[in-house]
Amino acid sequence: MTEMGHGRLTEEERREIAAEIAGSEYPRAAASDALKIVQRHRGWVGGEIVEVAAMLGMAPAELESVATWYSLIFREPVGRHVILICDSVSCWITGYRALLDHLTGRLGIGLGGTTADARFTLLPVACLGACEQAPAMMVDEDLHGDLTPEKIDAILEQYP
Amino acid sequence: MTEPLREKPLTGHFRPDGQPVALAAYREAGGYRALAKALGQEPQEITKTVIDSHLRGRGGAGFPTGTKWKFMPMGPEARRPKYLTCNADEMEPGTFKDRLLMEGSPHLLLEGMIIAGHALQADHAYIFLRWAYRRAAAILEKAIREAYDSGLLGKNILGSGTSLDLHLHISAGRYMCGEEKTMFTALEGRRPLPRTAPPHVTTSGLWGKPTVNNNVETLCNVPAVVGLGAERYRQLSHTGDGGTKIYGVSGKVNRPGGWELPMGTTMRELLEEHAGGMQKGLACRGAIPGGASTEIVLEKDFDARMDFNELQKVGSRLGTGTMIVIDDRTCPVGLLLNLMLFFARESCGWCTPCREGLPWIARLLQAIEEGRGEPGDLEILEEHVHLLGPGHTFCMLAPGAMEPLGSGLKHFREDFERHIREKKCPWGG
Ligand SMILES: Cc1cc2nc3c(=O)[nH]c(=O)nc-3n(C[C@H](O)[C@H](O)[C@H](O)COP(=O)(O)O)c2cc1C
Ligand code: SF4
Ligand code: FES
């Protein structure tokens with residue numbers, strides 16, 4: 001799916017991670033930010049984690065244990081756009097299931113799946129803290145609330 | 001009971017268009033005046049005002065804020081650096097109050113943190129913000145830059161001799177990071193498992209140094225406490241707990257939202273007056289009053305005042321003060337299943353009752369919901385409420401999860417039994 005899981009950081013990534021470390025009280029405090037830098041460039045974090053660990057002065061296995069803890073650090077390739085659909089209580093009450101049915105039907109994938117054209121990955125997420133706009137979801141960095149199946153169709157169009 | 005002062009010290013200056021209040025407008029509305037006042041006071045004097053104000057923590061547990069600050073080692077003998085952390089993880093399902101505050105007025109939070117930093121003689125402050133709050137992150141980043149540029153942060157704040165460095169840390173999604181000792185582990189770049197206490201965090205917190213951690217809303221109250229003084233601040237409330245509260249309502253109501261109201265506002269007033277009542281054709285059966293980890297309150301008890309003591313009289317607690325309304329077309333078994341799946345997914349797996357018990361509970365609830373429940377299942381669930389309860393686990397995630405489950409089994413017993421008797425979900429879930 002991607003050519004970039006081969007495990008070497010680019011110069012740009014190294015520079016950004018080094019700057020993050022320089023701005024931290026201790027190098028390892030930059031761990032999750034460093035992982036996010038890699039993810040911003042590649043969509044997910046692959047074998048580069050070994051080099052990132054070296055920069056942070058951590059054992060690779062230790063950084064792995066940090067990376068796998070967070071639900072929003074991806075250790076597998078994802079699509080160009082990531083849909084995070086809230087499956088927590090207020091959204092569940094106000095229509096989560098109908099939205100999920102609609103999304104999985106339209107995209108032809110289940111939760112955790114990526115469309116064949118690598119356009120979308122669909123993931124469940126815990127309460128987005130937007131419960132007054134439930135049901136809600138995020139696409140990439142954008143929050144979308146008060147959703148209906150019709151609104152979802154229009155929203156997906158914004159993400160080619 | 002005397003009527004509280006109808007003032008909104010936290011949100012009164014918010015813009016009607018929902019845009020964040022900028023630094024100049026914040027100042028015009030009286031912002032940073034409390035800071036100037038505080039910088040002229042001794043740290044201990046501020047902490048005393050906070051104690052006298054009866055401000056209690058808005059992060060869920062309601063710990064008295066001034067008392068917490070008093071534990072901080074002070075003076076030249078204290079180990080340094082000392083830390084202040086602001087918990088902006090807000091991942092408790094049903095909760096969105098801290099987001100409203102940060103998006104509405106970032107400088108309110110910063111002013112609260114700078115005053116707290118002065119009162120605690122802290123060297124560094126961190127805001128631990130959840131990833132999903134992208135808008136709040138951008139608003140805070142801008143406000144922090146403005147504050148540094150205006151001499152409100154950094155060395156020698158406003159010429160007072162007090163200094164504070166403030167860092168914004170953005171997390172990557174995991175409910176457990178909101179538990180304070182877990183949050184420190186996350187900030188240190190370790191796998192964020194919780195830690196044992198004692199030692200108390202004011203002895204050994206972030207990087208093993210003295211630390212005070214407070215919730216966003218708690219810190220947003222600090223300028224009002226200092227500005228108004230303890231007595232006037234207490235008078236904002238209907239009850240003995242001081243101040244106002246950012247309450248919220250979600251679920252199938254006409255106007256879901258969040259509002260600043262006197263502490264001790266009733267659940268009924270919130271539902272009927274502020275949230276506009278139930279959507280057409282629906283009846284209210286009850287609510288989870290303070291985020292997912294609080295006991296369900298039945299509609300008949302909605303005259304209860306939402307504060308730290310009064311809600312206990314109806315078997316619940318304030319938690320985060322954001323209530324999730326349960327309507328009569330929502331299946332209580334399905335609702336509890338949803339909650340237990342959340343807690344099971346977010347468990348860190350450290351202790352056996354939580355790691356093994358939560359998925360087991362979810363499996364049983366799923367079976368009942370799908371008509372495969374058996375006589376005896378409810379007793380097994382009740383047993384788990386005890387097994388995962390306080391004292392059996394490392395952190396409060398599991399006991400918190402048992403609050404809606406235990407109360408749900410009690411309040412909706414007949415609905416559970418019907419699922420088992422009729423071998424299906426009466427709501428068609
Ligand atoms: C699993 C778990 C998650 C928590 N999440 C949060 C949170 O997102 N925000 C918060 O302020 N407190 C959260 N808390 C409570 C904190 O541990 C802590 O008590 C609180 O931040 C203290 O602030 P306060 O005294 O100002 O209320 C959580 C606790 C647990 C056990
Ligand atoms: S109660 Fe659950 S979340 Fe808390 S430490 Fe134990 S296993 Fe982890
Ligand atoms: S439950 Fe979905 S945003 Fe809170």
Side-chain angles (χ1 to χ4, degrees), chain A residues 21 23-36 39 45 53 56-58 61-74 84 86-97 123-138 140-143 145-146, chain B residues 81 90-100 124 130-136 165 167 169-177 186-193 206-207 248-252 255-258 288 291-292 322 324-327 330 334-335 338-339 341-342 345-346 348 404 429:
Chain A
I21 291 172
S24 299
E25 275 193 275
Y26 299 84
R28 62 177 309 146
S32 61
D33 287 314
L35 294 167
K36 278 190 274 183
Q39 183 160 302
V45 182
L56 295 164
M58 292 169 76
E62 206 190 356
L63 188 58
E64 282 286 351
S65 80
V66 174
T68 54
W69 165 271
Y70 291 109
S71 50
L72 297 172
I73 299 290
F74 306 135
L84 298 171
C86 173
D87 64 0
S88 287
V89 59
S90 305
C91 291
W92 182 85
I93 290 174
T94 51
Y96 158 75
R97 283 160 302 175
L123 294 172
V125 73
C127 175
L128 288 169
C131 326
E132 89 282 22
Q133 308 161 46
M137 69 178 188
M138 283 181 86
D140 300 338
E141 307 233 333
D142 312 323
L143 175 71
D146 296 316
Chain B
E90 191 157 79
M91 282 190 66
E92 182 75 27
T95 307
F96 49 94
K97 65 187 182 67
D98 296 339
R99 194 196 88 237
L100 299 178
H124 292 280
R130 64 174 300 185
W131 179 86
Y133 284 178
R134 304 313 305 152
R135 181 160 180 255
D165 265 316
H167 316 257
H169 176 90
I170 297 172
S171 187
R174 200 70 197 267
Y175 174 56
M176 267 300 289
C177 290
L187 285 169
E188 292 169 8
R190 298 170 208 278
R191 184 172 173 89
L193 295 166
L206 183 58
W207 303 108
V249 178
S250 66
K252 289 191 177 165
R255 288 192 307 272
I288 310 178
T322 40
I324 305 154
V325 174
I326 307 170
D327 61 86
T330 292
L335 178 91
N338 174 275
L339 291 169
L341 286 170
F342 163 81
R345 191 168 70 194
E346 297 295 332
C348 78

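Per chain, numbering begins at 1; letters A, B, ... match sequence-line order. Side-chain atoms are counted along with the backbone in the values below, which use heavy atoms only and exclude waters and symmetry mates. All values derive from a computational prediction rather than experimental measurement.
Neither the backbone nor the side chain of A/Leu63 comes within contact range of chain B; no heavy atom of the residue lies under 4.5 Å from a heavy atom of that chain. If you measure heavy-atom distances from A/Asp140 to chain B, the contacts under 4.5 Å come from the backbone alone. Interface remark: B/Glu92 contributes backbone atoms only to the contact with chain A (heavy atom separation under 4.5 Å). Contacts of B/Tyr175 with chain A are absent, with no heavy-atom separation under 4.5 Å from either backbone or side chain. For A/Ala126, the parts lying under 4.5 angstrom from a heavy atom of chain B are both the backbone and the side chain. Only the side chain of B/Leu100 comes within contact range of chain A, judged by heavy atoms closer than 4.5 Å. Neither the backbone nor the side chain of B/Asp165 comes within contact range of chain A; no heavy atom of the residue lies under 4.5 Å from a heavy atom of that chain. A/Gln39 does not touch chain B: none of its heavy atoms, backbone or side chain, sits under 4.5 Å away.
The nearest pair of heavy atoms linking A/Tyr70 to B/Pro192 is OH-CG, 3.6 Å. Here the shortest heavy-atom pairing between A/Met58 and B/Gly189 reads CE-O, 3.3 Å.
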Evaluate the criterion side chain to side chain donor-acceptor pair (under 3.5 Å) for residue pair A/Thr68 and B/Arg191; output intermediate values, then yes/no. CA-CA 9 Å; A/Thr68 54; B/Arg191 184 172 173 89; 3.2 Å; yes
Take B/Arg135 and A/Leu143 through the test side chain to side chain contact (heavy atoms under 4.5 Å, CB included) and record every step on the way to the result. CA-CA 9 Å; B/Arg135 181 160 180 255; A/Leu143 175 71; over 6 Å; no
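Rounding to the nearest 0.5 Å places CD1 of B/Ile326 at 6.5 Å from CD1 of A/Ile93. One distance of note links SG of A/Cys127 with CZ of B/Phe342; it measures 7.5 Å at 0.5 Å rounding. Residue B/Leu187 holds its CG atom at 8.5 Å from OG of A/Ser32, rounded to the nearest 0.5 Å. Between A/Leu72 atom CG and B/Ser171 atom OG the span is 8.5 Å, to the nearest 0.5 Å. Between atom CG of residue A/Leu128 and atom CH2 of residue B/Trp131 there is a gap of 9.0 Å, rounded to the nearest 0.5 Å.
Listed for the A/Ser71 side chain is a donor-acceptor partner under 3.5 Å among the backbone atoms of B/Gly173. A side-chain donor-acceptor contact under 3.5 Å links A/Arg28 to the backbone of B/Glu188. B/Arg134 places no side-chain N or O within donor-acceptor distance of the main-chain N or O of A/Glu141, the cut-off being under 3.5 Å. A donor-acceptor contact shorter than 3.5 Å links the side chain of B/Arg174 to the backbone of A/Trp69.
Heavy-atom pairs under 4.5 Å with chain A were tallied for B/Ala172, B/Ser250, B/Ala132, B/Pro81; the largest tally goes to B/Ala172. Of the listed residues A/Glu25, A/Met138, A/Gln133, the one with more heavy-atom pairs under 4.5 angstrom with chain B than any other is A/Glu25. Here B/Lys252 is the residue among B/Lys252, B/Glu90, B/Met176, B/Met91 with the most heavy-atom pairs under 4.5 Å with chain A. For the options A/Ala29, A/Ala30, A/Pro27, A/Ala31, heavy-atom pairs under 4.5 Å to chain B are most numerous at A/Ala29. Across A/Leu35, A/Val66, A/Leu56, the residue that shares the most heavy-atom pairs under 4.5 angstrom with chain B is A/Val66. Across A/Gly95, A/Cys91, A/Ala134, A/Ser90, the residue that shares the most heavy-atom pairs under 4.5 angstrom with chain B is A/Ser90.
Using a 4.5 Å heavy-atom cutoff, the side chains of A/Trp92 and B/Thr330 are in contact.
Between B/Lys97 and A/Glu132 there is no salt bridge, since no side-chain nitrogen of the basic residue lies less than 4.0 Å from a carboxylate oxygen of the acidic one. Classification of A/Asp87 and B/Arg345 as a salt-bridged pair holds, one side-chain N sitting under 4.0 Å from a carboxylate O.
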